[in-house]
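In the text below, chain A, chain B and the rest are named by the order of the sequence lines, each starting its count at 1.
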Amino acid sequence: MISTELSKAYDPKDFEQRIYSQWVKEGAFHPDENGKEHFTVVMPPPNVTGILHMGHALNNVLQDIIVRYKRMKGFKTLWVPGTDHAGIATQNVVERQLAKEGLRRQDLGREKFIERTWTVKEKHHGIITSQLKKMGCSCDWDHERFTMDEGLSKAVREAFVTLYERGLIYKGQYLVNYCPKCGTALADDEVEYENMPGMLYDVRYPYEDGSGYITVATTRPETMFGDVAVAVHPDDERYKNIVGKLLCLPLTDRKIPVIADSFVEREFGTGMVKITPAHDPNDWECGRRHGLEAINLLNPDGTLNENVPEKYRGLDPVSARKLVVEDLQEQGYLVKQTPHAHDVGHCYRCHTVVEPYLSDQWFVSMKGMAEKALKALEDKDIVFYPKRWENTYIHWMENIRDWCISRQLWWGHRIPVWYCKDCGQMTVSRTDVTECPHCHSHNLEQDPDVLDTWFSSWLWPFSTLGWPEKTEDLKNFFPTDTLVSAYDIIFFWISRMIMASEEFTGKAPFRDIVITGLVRDKQGRKMSKSLGNGIDPIEVIDLYGADAMKFTLCYLAAQGQDVQIDMDSFKMGSRFANKIWNATRFLLMNAEGRNLVSIEPDKLTVIDKWIYTRLNRTIETIDRAMDSYRFNEAAQGVYSFFWNDFCDWYVEATKQRLFNGSDEEKDLVVSVMIDLLSQSMKLMHPFLSFVTEEIYQKLPGSEGLLISQQFPSVRPEFDFPAQEALVSQLQEAVRIVRSARSQLSIAPEKKFKVVIRPSENFTGTALFEEEKDLMSSFMGASQLIIDKSSSEDVSSAYPSTALGYEVFSFVREAIDVDAEIKKLESEIEKASKSLEGTMKKLSNPQFLQNAKSEAVAKEQGKKAEFEEKIRKSEEHIALLRKL
RNA sequence: GGAGGAUUAGCUCAGCGGGAGAGCGCCUGCCUUACAAGCAGGAUGUCACAAGUUCAAUCCUUGUAUCCUCCACCA
């Protein structure tokens, strides 16, 4: 005997937290030991600097959907959560905190600073994990990792030393991108270029022999103190004869030669370039080709150093530029200055202008790894969804440059290299070195730099599973299966993970790479802190519930397209969750006191058969969509099945049997509905995890947690394509009558006779006869006649045609057509009179000229309104006259 | 300079070779004993533009326009 119910209204706050605790308590997120194959997802680790934004929500919601789906499909599923120490970003946060107290990191010292950073990490880590839990993420918390925890630190050292041993890591003095504010080198892809207005200065460099001067164009005159040559194109006829001549460098007493190099664009500026190897990447290359010295002009803090004349020392480049230009002008060297917009590199973390900076840095040589990574794609070891990202990946890999991995920061993995102060030798080691292996001195110093954050995250898919140890986890869960990430970190992270994985494990780290779009606001702008246009996922959850957020994001997440949303967007998911709740509440109310009976296919009515077939089709849709990560299609599939098919048609069609049937009928109906509900909850669980779990546990006959149930599969014995087609015809007939009723504005309580006249070869006749009562009640008919013999007099009825049959609605029974027409005519007359008045005003030139513009607009609005009213009424009358 | 994406209803977007769709908004009528966060019905579209391929094009090809993103780079 069934006895269970749902509380009155849907309120996610009543159960979401409770359900999450229940899942955790019952170990539902751990891989199922009895599962068949393994299925692994590693979570892109959020930076421990901030809190999760809508992009994270989208990303994690999609992962959760995949993971729950696979888990219910019987896979031994593991979702590894974790966080990233985010070197520069986190250090910046702490330094900003210190700045508020009037302190710099140097005031604390390295150790104290790192200590303090850990507390910041702990705080944000706490927020992030609680956010993930609130969202409902079913990741295995026992497997949670942090990029700086012990195991991962070991992995980082292993990776560094192994690459060093393989000759793939080297140290040297090179020109790197340097952020003066962060005080560290950056990798090439950590620089963001932004088009900015600037000036192009033409400067005279006189010949040493006093025979005149040449003119060079530059945007950065302050770097002229680092000039070591002026270059022209070797084939440039204008300058052929001056190659080799010496020039006087203005504002200094240095002499520099004119050289020929084919990288010079003859058309740009004067066709002459000053060569400043220490402050421009092109010049650096050129300088190397010609064996020229590189004169570094900058201090680590970005100010000019002792290699510039005294009056400019200590200035930042911008002030120095101003002063240099003034001096050049004063001394007659400046020919002209013209506005010139150009791209300027900025630090991707603090947005300071980066400087090319000559310094000692560590690099990874990438070419060989890139080739392996390209091969992985070629061999289809990795597949991008959507496919177009493969081009981006290929292009990046083919044009890869060596990776600068050293950072002049304190927060991060210290480079595992020690220098002996006595013998000067360098030692690269997996373990801390306390004694120099070369001279046995204890006077050692570890390299002060730390590694780029991505040097730890590129190991993530296997370091989190225990690498370099040969752990069970690594054996069982690696390679992972699906990676879900936004496209903005394909280069930073995805590409490098593939390279690292190929290099260290010989395998691709994952098979499917699902690239999501970015979350934008309704103006299409990227959500960002500085714009303040972000939507906080927690606010969404507090307002609408986690299921509403998850379902909405999923519904909108079409194949890597960006999604534009605002707070109201989430109403969609909220309404759907509410609908599910209420449908269940209705069924449970009516199930009260009934008995569950077994469901035999041959006992089912045609409507039952129809809904079961719809269920099968929906299962197929979901499976197909999930196989190719088309989340929006899956979401649409469950939505239309549950709302349109199940609620709007099935439940409505069943009410008669439910209210008025025999006990036996009622038991069967209830049993079928509970079964359908149970199947639906399973089907929808990946997409609306909390509400389905809450409901499932209340369903009679359900056992255990929904999260651990088998995902529904197509049941052939409940598949009735013929009945499905017949019910579609029935629905069509019902729609026709409803439409006629609505067009003629006939109130629902007014019943009228309906005659359906099937053609001879119409397949639905038998069904229509069988389901006459049902159709009749759907149509609001007083009487429904299936007129096979065409004997009914339908001359006075409102006719409609469908494929295979005609429908005649005897609306005269419900309304007095003549009175109706009279009423409409008087309405037309009234409206016409009003229109006349309005037209009079509008055709009066004085009115148009003198009246307030609002008044004119109002009259014009009225005019349109009256015309519309007349048109509609006339249409309506025409319709009625046909009867 | 190179690559990619977008352009479909008022808004946000699905649809990837034969029927133009969803959610929101709008209009009409309904508090029908689950849900007004609802039910029923409805209006709104030269599917950016132009050519081409095809029996058939929103969908494929080529061009054009506008918007966006990424990569490279201009001294």
Which residue lies more 5' along RNA chain B, comparing A/Phe586 with A/Thr218 via nearest heavy atoms: A/Phe586
Of all pairs that satisfy salt bridge (charged side-chain N to carboxylate O under 4.0 Å, His left out), the ones with a partner from residues 268-280 of chain A, not counting sequence neighbours: A/Asp227-A/Lys274
Rounded to whole angstrom, note down the P distance from B/G15 over to B/C59. 15 Å
Tell me: CG of A/Asn582 to C1' of B/A34, nearest whole Å? 5 Å
Where at least one partner belongs to residues 640-649 of chain A, residue pairs that pass salt bridge (charged side-chain N to carboxylate O under 4.0 Å, His left out), sequence neighbours excluded: A/Arg614-A/Asp645
For atom CH2 of A/Trp389 and atom C1' of B/C70, their distance in whole Å: 7 Å
Take the protein atom NZ of A/Lys751 and the nucleotide atom P of B/C30, then report the distance between them rounded to whole Å. 15 Å
I'd like to check the ring pair (Phe, Tyr, Trp, His ring centres under 6.0 Å) partners of A/Tyr650; sequence neighbours left out, ordered by chain and number. A/Phe646
Take nucleotides 10-17 of chain B nucleotide by nucleotide from the 5' end and write B, S or -, depending on whether a protein heavy atom sits under 4.0 Å from the base, only from the sugar-phosphate, or from neither. --SSS---
Any base atoms under 4.0 Å from A/Val264, or only sugar-phosphate, or nothing? Heavy atoms, all strands. base
If you only use heavy atoms from C-beta on, which nucleotide in B/U69, B/A34, B/A75 is closest to the side chain of A/Arg520? B/U69
Side-chain donor or acceptor of A/Asn282 under 3.5 Å from a matching atom on the base of B/C73? no
Contact class for A/Asp343 vs. all strands (heavy atom < 4.0 Å): base, sugar-phosphate, or nothing? base
With rounding to the closest Å, how many angstrom separate the P atoms on B/A3 and B/C13? 27 Å
For the C1' atoms, the ones on B/A14 and on B/U8, what distance do you get once it is rounded to whole angstrom? 10 Å
Whole-Å C1' distance, B/G38 and B/U32: 11 Å
Writing each nucleotide of RNA chain B 5' to 3' as (, ), [, ], | or . by Watson-Crick or G-U pairing under 3.5 Å yields (((((((..((((....[..)))).(((((.......))))).....(((((..]....))))))))))))....
Residue pair A/Gly271/A/Glu749 against RNA chain B: nearer the 5' end by closest nucleotide is A/Glu749
Whether A/Lys571 contacts B/G25 is assessed here as follows: a side-chain N or O lying under 4.0 Å from the phosphate OP1 or OP2. Is that the case? no
Please find the pair of heavy atoms, one from A/Gly271 and one from A/Arg238, that lie closest to each other, and give the distance. CA-NH2, 4.1 Å
Between A/Ser739 and B/G42, does any side-chain N or O lie under 4.0 Å from OP1 or OP2? yes
List for me each residue that meets salt bridge (charged side-chain N to carboxylate O under 4.0 Å, His left out) alongside A/Arg735, sequence neighbours excluded, and say none if there are none. A/Glu732
I need the CG-P distance between A/Asp280 and B/A75, as an integer number of Å. 7 Å
With the side chain of A/Tyr487 defined as its heavy atoms from C-beta on, choose the nearest nucleotide among B/U69, B/C70, B/A37. B/U69
Whole-Å distance, A/Ile736 CD1 to B/A40 C1', equals 16 Å
What's the CH2-C1' distance between A/Trp581 and B/C35, to the nearest Å? 13 Å
The nucleotide from B/C35, B/G5, B/A37 with an atom nearest the side chain of A/Arg575 is B/A37
How close do A/Ala577 and A/Val691 get, counting heavy atoms only, and between which atoms? O-CG2, 4.3 Å
What do you reckon, are the aromatic ring centroids of A/Tyr393 and A/Phe384 less than 6.0 Å apart? yes
Provide the distance between the two P atoms, one in B/U54 and one in B/A72, to the nearest whole Å. 43 Å
Hey, can you pull the donor-acceptor pairs under 3.5 Å for the side chains in residues 567-576 of chain A, sequence neighbours left out?
unit_1: A/Ser569; atom_1: OG; unit_2: A/Asp566; atom_2: N; d: 3.0
unit_1: A/Ser569; atom_1: OG; unit_2: A/Asp566; atom_2: O; d: 3.1
unit_1: A/Ser569; atom_1: OG; unit_2: A/Asp566; atom_2: OD1; d: 3.2

For A/Glu652 and B/A34, give me the distance from atom CD to atom P, rounded to whole Å. 9 Å
Which nucleotide, B/A34, B/C39, B/G41, lies nearest any side-chain atom of A/Asp648? B/C39
According to salt bridge (charged side-chain N to carboxylate O under 4.0 Å, His left out), who are the partners of A/Arg624, at least two apart in sequence or on a separate chain? none
Could you tell me how far B/C11 sits from B/U46 if I compare only their P atoms? Round to whole Å. 12 Å
At 4.0 Å (heavy atoms only), tell me whether A/Lys387 reaches a base, stays on the sugar-phosphate, or touches nothing. nothing
Tell whether A/Asn578 reaches the base of B/C35 with its side chain through a donor-acceptor pair below 3.5 angstrom. no
Does the side chain of A/Arg741 get closer than 4.0 angstrom to OP1 or OP2 of B/G29 through an N or O atom? no
Going by salt bridge (charged side-chain N to carboxylate O under 4.0 Å, His left out), name the residues that satisfy it together with A/Arg520, two or more places apart in sequence or in a different chain. A/Asp562
B/A40 versus B/A34 - spacing of their P atoms, nearest Å: 15 Å
Salt-bridged, A/Arg220 to A/Glu355, with N to O below 4.0 Å? yes
So, OP1 or OP2 of B/A40: does either fall under 4.0 Å of a side-chain N or O from A/Trp649? no
Working for ring pair (Phe, Tyr, Trp, His ring centres under 6.0 Å), residues A/Phe687 and A/Phe551: CA-CA 6 Å; A/Phe687 311 96; A/Phe551 187 80; 7.1 Å; no
Would you measure the distance from the C1' atom in B/G19 across to the matching atom in B/G2 and give it in whole Å? 42 Å
When all nucleic acid strands are considered with a 4.0 Å heavy-atom cut-off, which category describes A/Phe659: base, sugar-phosphate, or nothing? nothing
Can you tell me the distance, in whole Å, between the CD atom of A/Glu355 and the P atom of B/A75? 14 Å
